Amino acid sequence: KMQEAAEYNMKMHPMWQGPLAVPGGDRQSPIDIVVRKSVFDSKLKPLETEYDPQTCQQIWNNGYSFLVEYDDTTDKSTLKGGPLQDKFRLCQFHFHWGESNAWGSEHTVDRRLFPAELHLVHWNSDKYSLFEEAVMEDNGLAVIGVFLKVGKRHEGLQKLVDALPAIRHKDSIVEFTRFDPGCLLPANTDDYWTYHGSLTTPPLTESVTWIVMKQHIEVSHDQLAVFRSLLFTSAEEEVQKSMVNNFRVQQPLRGRTVRSSFT
Ligand code: SG5
Ligand code: ZN
């Protein structure tokens, strides 16, 4: 049911209807992280995030997810360390989620599904000058993935949840400022898995260093229900479609190694 729902959404979604940059590449995402096959690497450092809430600009429904966008014209909100050699700039974050709490994440851990997954998207500002340039290049992007689990209400997330009714339809955008993306990270960011992969939406380019947090964050069922009240469709469309199951189906590992920063 879950795979069918995701495949159906992709086939029908305009984003997936053009030619795809990397059909059947050999480092595609997302993947299942098999804990016992991941390899501890003592050289992996703690992550260093330095986010300036002042760079937060707007929130928009792009018809696939909602994106909180940051001003990335300077190095004010950055990610370094971890598996990374260079400095990366935050440009946006977004989520993927399911129609029920039983599934919705893109990555899985030993086949365990989470109801949602947060992606903080950064591009290499040491090597490139624009996101659009970095997106095509090896080592161009670094995405932090954080699993969401249903439990108690997440105070930091609530400001975001409150903004969602204003962007219910596809293509709606509203101003959204002073949001610290760091509040969505788990307490422990030292423990993570990392591997070389791709974007999980078109253009699917194989430019991403994935950093998937071991620790999840908790959000309430009601908060996720507001995610599910968003729409894939614009205000003009006759048949409205709920924005749910906006995750890509899992991709083969094809000989890649998933490294862990912890034992
Ligand atoms: C790229 O990949 C896309 C995002 C997309 C993420 O960052 O950006 C572009 O292709 C712009 C050139 O799409 C947009 O920003 C819309 C213009 O994010 C989404 O579509 C939201 C799901 C997907 O990145 S991911 O691999 O972390 N899931
Ligand atoms: Zn994503």
Side-chain angles (χ1 to χ4, degrees), residues 6 9-10 12-22 25 27-31 56-73 77 79 88-98 103-108 113-125 128-148 160 164 167 170-173 176 181 184-185 192-213 217 227-228 230-232 234 243-251:
N9 278 349
M10 275 182 227
M12 302 307 288
H13 200 282
M15 189 183 239
W16 289 87
Q17 281 172 7
L20 298 177
V22 190
R27 48 171 281 196
Q28 290 285 296
S29 295
I31 58 163
C56 186
Q57 293 184 312
Q58 57 192 24
I59 183 167
W60 70 296
N61 176 335
N62 78 339
Y64 192 74
S65 181
F66 65 87
L67 283 77
V68 177
E69 299 190 306
Y70 287 77
D71 172 14
D72 62 355
T73 55
S77 286
L79 168 67
F88 289 70
R89 232 178 247 180
L90 178 71
C91 56
Q92 53 112 325
F93 71 80
H94 62 268
F95 299 81
H96 303 262
W97 62 91
W103 65 74
S105 64
E106 295 208 301
H107 290 93
T108 53
L113 309 156
F114 292 83
E117 184 173 334
L118 159 68
H119 289 158
L120 295 138
V121 183
H122 311 74
W123 55 273
N124 188 333
S125 62
Y128 308 105
S129 46
L130 288 171
F131 171 84
E132 287 74 10
E133 202 187 322
V135 84
M136 304 308 296
E137 307 293 334
D138 197 63
N139 197 28
L141 306 178
V143 182
I144 300 179
V146 181
F147 296 116
L148 276 65
L160 202 61
L164 296 182
I167 54 152
K170 175 175 192 271
D171 298 329
S172 37
I173 287 202
F176 188 73
L184 299 176
L185 292 173
Y192 57 82
W193 294 281
T194 182
Y195 75 97
H196 296 295
S198 73
L199 290 173
T200 66
T201 68
L204 303 176
T205 42
E206 298 181 326
S207 50
V208 182
T209 299
W210 278 96
I211 301 165
V212 179
M213 291 294 142
I217 59 169
F227 284 23
R228 298 184 185 118
L230 293 171
L231 298 166
F232 279 134
S234 64
M243 183 178 278
V244 293
N245 304 327
N246 55 356
F247 52 88
R248 187 186 192 195
V249 296
Q250 292 208 325
Q251 303 296 309

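Every number for a ligand or one of its atoms is a count from 1 in the order of the listing. In this text the structure is predicted, and so the values were computed from the model without any measurement.
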Exercise for the section: Could you tell me which atoms of ligand 1, counted from 1 in the order shown, lie closer than 4.0 angstrom to a heavy atom of L67? Expected result: 14 (C), 15 (O), 21 (C)
Completion exercise
Counting from 1 in the order shown, the ligand 1 atoms closer than 4.0 Å to a non-hydrogen atom of Y64 are 22 (C)
Practice task
Using a 4.0 Å heavy-atom threshold (strictly under), name the region of S29 that reaches ligand 1: side chain, backbone, both or neither.
Solution key: neither
Problem - ligand 1 versus E132: contacting region, heavy-atom distance under 4.0 Å - result: neither
Problem - W60 and H94 aromatic centres sub-6.0 Å - result: no
Exercise for the section: Without swapping roles, check the side chain of H122 against the backbone of L120 for a donor-acceptor pair under 3.5 Å. Expected result: yes
Practice task
Can you pull out the closest protein heavy atom to atom 4 (C) of ligand 1? Residue, atom name and distance to 0.1 Å, please.
Solution key: Q92 NE2, 3.7 Å
Exercise for the section: For S65, counting its heavy atoms only, list the atoms of ligand 1 lying under 4.0 Å from any of them. Expected result: 21 (C), 22 (C)
Problem - Part of L199 within contact of ligand 1 (heavy atoms, under 4.0 Å) - result: both
Exercise for the section: Assess M15 for proximity to ligand 1: is some non-hydrogen atom of it under 4.0 Å away? Expected result: yes
Problem - F66 and F95 aromatic ring geometry - parallel, tilted or perpendicular at 30°/60° bounds - result: tilted
Problem - Name of whichever N/O/S atom of H96 is nearest to the Zn ion (ligand 2) - result: NE2
Practice task
Looking only at distances, please establish whether an N/O atom of ligand 1 is found under 3.5 Å from an N/O atom of T200.
Solution key: yes
Handout entry: CA sep, side-chain torsions, deciding dist, call: C91, Y70, side-chain contact (heavy atoms from CB on, under 4.5 Å)
Key = CA-CA 5 Å; C91 56; Y70 287 77; 5.9 Å; no
Problem - Polar atom proximity, W60 to ligand 1 (N or O, under 3.5 Å) - result: no
Practice task
Verify whether one side chain among Q58 and E69 offers a donor that lies under 3.5 Å from an acceptor in the other.
Solution key: yes
Handout entry: Side-chain donor or acceptor of N124 paired with backbone N/O of A134 under 3.5 Å
Key = no
Practice task
Please confirm whether H94 comes within less than 3.5 Å of ligand 1 when only nitrogen or oxygen atoms on both sides are compared.
Solution key: yes
Fill in the blank from the handout: Which atom of H119 is nearest the Zn ion (ligand 2), counting N, O or S only? It is ND1
Practice task
Please answer whether the main-chain N or O of V135 pairs with a side-chain N or O of S207 as donor and acceptor at a distance below 3.5 Å.
Solution key: yes
Handout entry: For F131, the ligand 1 atoms whose distance to one of its heavy atoms is below 4.0 Å
Key = 1 (C), 7 (O), 8 (O), 9 (C), 11 (C), 12 (C)
Exercise for the section: Identify, by atom number and element, the atoms of ligand 1 in contact range of W210, meaning under 4.0 Å from any of its heavy atoms. Expected result: 26 (O), 27 (O)
Handout entry: atom 5 (C) of ligand 1: nearest protein contact (heavy atom, Å)
Key = T201 OG1, 3.4 Å
Practice task
State the atoms of ligand 1, each with its element, that fall below the 4.0 Å cut-off from a heavy-atom position in H96.
Solution key: 22 (C), 28 (N)
Practice task
Measure from the ring center of W193 to the ring center of H107 and say whether it is less than 6.0 Å.
Solution key: no
Handout entry: Taking atom 10 (O) of ligand 1 as the reference point, the nearest protein heavy atom with its distance
Key = P203 CD, 3.6 Å
Practice task
Using the six-membered ring wherever Trp is involved, compare the ring planes of Y64 and W16 and label them parallel, tilted or perpendicular (cut-offs 30° and 60°).
Solution key: tilted
Practice task
Give the residue, atom name and distance (to 0.1 Å) of the protein heavy atom nearest atom 19 (C) of ligand 1.
Solution key: N62 ND2, 3.7 Å
Exercise for the section: Look only at interatomic distance and state if S198 has a nitrogen or oxygen under 3.5 Å from any nitrogen or oxygen of ligand 1. Expected result: no
